[in-house]
Amino acid sequence: MSNARRLTVLGVTAALAGSLMAVPAAARTAAPRPGPAVPGSTPAKTPVAVGYGGAVASVDADASAAGIAVLRKGGNAVDAAVATAAALGVTEPYSAGVGGGGYFVYYDARTKTIRTLDGRETAPRTATKDLFLENGKPIPFDDAVTSGLSVGTPGTPATWDSALKKWGSRSLAQVLKPAEQLAAKGFTVDPTFRKQTADNEARFRDFPATAALFLPGGKLPVVGSTLKNPDLARTYQELGRKGVGALYHGAIGRDVVRTVQRPPVRAGSTRKIRPGALTTADLAAYRTLGHAPTHTTYRGLDVYGIAPSSSGGTSVAEALNILEKSDLSHLTEKQFLHRYIEASRIAFADRGRWVGDPAYENVPVKGLTSKRFAASRECLINDGKALTSPLAPGDPRHPTPCGTTGPAAPTTYEGENTTHLTVADKWGNIVSYTLTIEQTGGSGITVPGRGFLLNNELTDFSFAPANPAVHDPNLPGPGKRPRSSISPTIVLRHGTPVLALGSPGGATIITTVLQTLVNHLDRGMPLVDAIAAPRASQRNAAATELEPALWDSPLRKQLEALGHSFKLNPEIGAATGVQRLPDGRWLAAAEKVRRGGGSAMVVHPAP
Ligand code: GLU
């Protein structure tokens, strides 16, 4: 949400303070309070904040404020991350919420270990590899998006529940309270929200429950008006009271299943809406998974990410290992971009061949993240000439210098958008959490009476292999998790935090995280500038996508002379991060401009 987004009601912040549980006396300090916790104030929206006591960075000021309120009351980073995520379900309902899934990466300061939760949506147990085929042919992508067919079992409520039970210090009811209040009292519509609604208007109109919620009075919401979601407030209340069993075994789940199986379409709509096959048994069978994180070293640091079913951790690690072979700090901008683009191209070629749901595919995680494999792939890079895509994959199980294995396959299409939040607390714990309902607006289908949109995450599966001669590890299957690009990342030095970050943006997530990391670690940019810098995204496609500042730069011609080709992408990603400064302060960083600017906050500002 953009800067125009504010809490509109005095009661919301009062409620934040009042609802947040029994607070240990020691935590009730008279420390200076940043705007959001003062009743009646507007949460300040700034892309960078520095200070003590913990930090939150998200795309939205109300959401960051919800997390800060929890931290201030003595909650830890996990409690605050869930509170922030639930608030994003209110103010960023087209990107995240109860109807979606995500990946949660946690640094535990006491044990100095990284733990993860895979809260990815799963396909129905009846799904086959033909899920998106009709008469042997893939159905149109947009038809699949707006359908019951693409709705996976939501993983977000289970993620919140698992995270709190394993590492939190507050109950689900306690941390959902700020978001419940926000949904009940409403938030102020800003230009980003209005535009996202306008982009979805036609399909939203076809679902009365969606139109009633997001097209108040049958019209696009007006910038500056208050949008309330009392149904979602009740849903949060019910989840808090009864636990997430209300969704996985109870009435909310039955409503989800009914909606997927018989999407409630407007009478007279000509849109063909395919139903889905999700059942209450699918919901009952859902579990979050706690895989070991991916790990690689990078210039003496330890970089941890999320393991498959996301391809984020392995792909970021592989590209970093390739780039580690160059001294990026001394390259010209042209040389740097060339190498960055090539490393990313190679990592995507390998991701396409090797990464899928590990419950169904033998994913060589160790090989993909190994220095030996990276060396065998780095030798393909020629400083005088760009590689061409699709590039064939290598074999991480048996790396051979400059070797490839089998034919090349282009990268299959993935839709965009979701949201990332990064939280740190006064004990040094960190959460890097990306959550999504897949496209902006997900399936477009709101569960009637429940106030949340259903995901279309199953469109992250390949509908059919891009090249039938190449094994595709990401075809649909029963109970299978579609491959993600989500890349929540935490960087440590000798077991202590350096920084954490992540981004939305579909498959561009991987390149955004990679580029931000090297901008900061190698190119000397402060974290907030590393996030703001113009982005390029190469994903084993003929053209590399460039944001306008790079598109309009002389660098484009210089790189074209090496054989690169480009296409314009107006905006790539919306990253957030936190950094531990050497003196112990936290720095929270978010976008300066993208998505209307993000919101970085700390508990006790000390710039
Ligand atoms: N569905 C995407 C993924 O899991 C995330 C959506 C997005 O970020 O745009 O990779």
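Both counts, for ligands and for their atoms, begin at 1 and track the order of listing. Given the structure is predicted, the values throughout are model-derived calculations rather than measurements.
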Note to self: So which atom in Leu320 and which in Leu517 form the shortest heavy-atom distance, rounded to 0.1 Å?
What the structure shows: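 So the two residues come closest at CD1-CD1, 4.1 Å.
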Please report whether ligand 1 has a polar contact with [X], defined as an N or O pair separated by less than 3.5 Å (distance criterion only).
X	value
Asp460	yes
Glu438	yes
Pro504	no

task: Would you mind telling me if ligand 1 is within reach of the side chain of Glu457, the backbone, both or neither, using heavy atoms under 4.0 Å?
output: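 The side chain, only.
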### Message
Below 4.0 Å, non-hydrogen atoms only: which portion of Thr436 touches ligand 1? Side chain, backbone, both or neither.
### Response
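Thr436 to ligand 1: side-chain contact only, backbone stays beyond 4.0 Å.
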Donor-acceptor contact below 3.5 Å, side chain Ser315 vs main chain Gly312:
no
Would a distance-only check, ignoring hydrogens and angles, find a side-chain to backbone donor-acceptor pair under 3.5 Å from Ser443 to Leu454?
yes
Which atoms from ligand 1 have a heavy atom of [X] less than 4.0 Å away?
X	value
Ser485	3 (C), 4 (O), 10 (O)
Gly506	6 (C), 7 (C), 8 (O), 9 (O)
Ile509	8 (O)

Legend entry - Candidate pair Gln538 and Thr544, rule side chain to side chain donor-acceptor pair (under 3.5 Å), full reasoning: CA-CA 4 Å; Gln538 165 53 245; Thr544 300; 2.8 Å; yes
I'd like to know whether Ser309 forms a side chain to side chain donor-acceptor pair (under 3.5 Å) with Tyr103, so could you lay out the CA-CA distance, the side-chain angles of the two residues, the decisive distance to 0.1 Å, and finally the verdict.
CA-CA 10 Å; Ser309 56; Tyr103 296 88; 2.7 Å; yes
Arg120 to ligand 1, any heavy atom closer than 4.0 Å:
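Yes, Arg120 has a heavy atom closer than 4.0 Å to ligand 1.
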*Candidate pair Phe187 and Phe193, rule ring-ring contact (aromatic ring centres under 6.0 Å, His included), full reasoning*: CA-CA 11 Å; Phe187 62 87; Phe193 186 83; 5.4 Å; yes
Is the centre of the Tyr106 ring less than 6.0 Å from the centre of the Tyr433 ring?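 For Tyr106 and Tyr433, the ring centres are not under 6.0 Å apart.
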